[in-house]
Amino acid sequence: MGLIKIFSGKETIAKKLQAAVEAENVMVTQRENKQNSGNTAIIELFIEEDDFMKVRDAIEDFKMNM
């Protein structure tokens with residue numbers, strides 16, 4: 001299938017979420033958004049659509065504990 005975005009934001013937060021998702025054996029694709037207008041890099045994280053149900057709870061837990 002295709003990729004779905006699971007996060008867009010600061011690199012420090014993206015790394016923590018990426019680790020949580022990869023702990024569930026799901027590969028994360030990371031891209032830097034080069035169109036932002038500030039000095040802070042905006043990182044976008046993507047996963048395969050088919051993997052979303054595997055990590056849905058991990059993503060929700062991460063968001064609740066931010």
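None of these values were measured; they are calculated from a predicted model.
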Quiz item: When rounded to the nearest 0.5 angstrom, what is the spacing between CD in Glu11 and CD in Gln18?
Solution: 10.0 Å
Quiz prompt | Whichever hydrophobic residues join Phe46 through chains of side-chain contacts under 4.5 Å | solution = Leu3
Quiz item: So, does Asn65 use its side chain to make a donor-acceptor pair with the main chain of Asp61 at under 3.5 Å?
Solution: yes
Quiz prompt | Residues that, via side-chain heavy atoms closer than 4.5 angstrom, fall in one hydrophobic cluster with Met64 | solution = none
Exercise. Would you kindly confirm whether Phe52 and Met27 end up in one hydrophobic cluster when ILVMFWY residues are joined by side chain heavy atoms under 4.5 Å apart?
Key: no
Quiz item: Hey, what do you get for CD1 (Ile6) to CG (Asp51), rounding to the nearest 0.5 Å?
Solution: 10.0 Å
Quiz item: Hey, quick one: are Phe7 and Met53 part of the same hydrophobic cluster, counting side-chain heavy atoms closer than 4.5 Å, chains of contacts allowed?
Solution: yes
Quiz item: Of the non-hydrogen atoms in Ala58 and Ala20, which two are nearest, and what is the gap between them?
Solution: CB-O, 4.5 Å
Quiz item: Salt bridge between Arg56 and Glu60, side-chain N to carboxylate O under 4.0 Å?
Solution: no
Quiz item: To the nearest 0.5 Å, how far apart are CD1 in Ile4 and OG1 in Thr29?
Solution: 11.5 Å
Quiz item: Hey, which of Ile13, Val21, Val55 is the one that makes side chain to side chain contact (heavy atoms under 4.5 Å, CB included) with Phe62?
Solution: Ile13
Exercise. Check each of Lys5, Lys10, Arg31 against Glu44 using the salt bridge (charged side-chain N to carboxylate O under 4.0 Å, His left out) test, and report the only one that passes.
Key: Lys5
Self-check item: Same apolar cluster: Ile42 and Ile47, side chain cutoff 4.5 Å
Solution: no
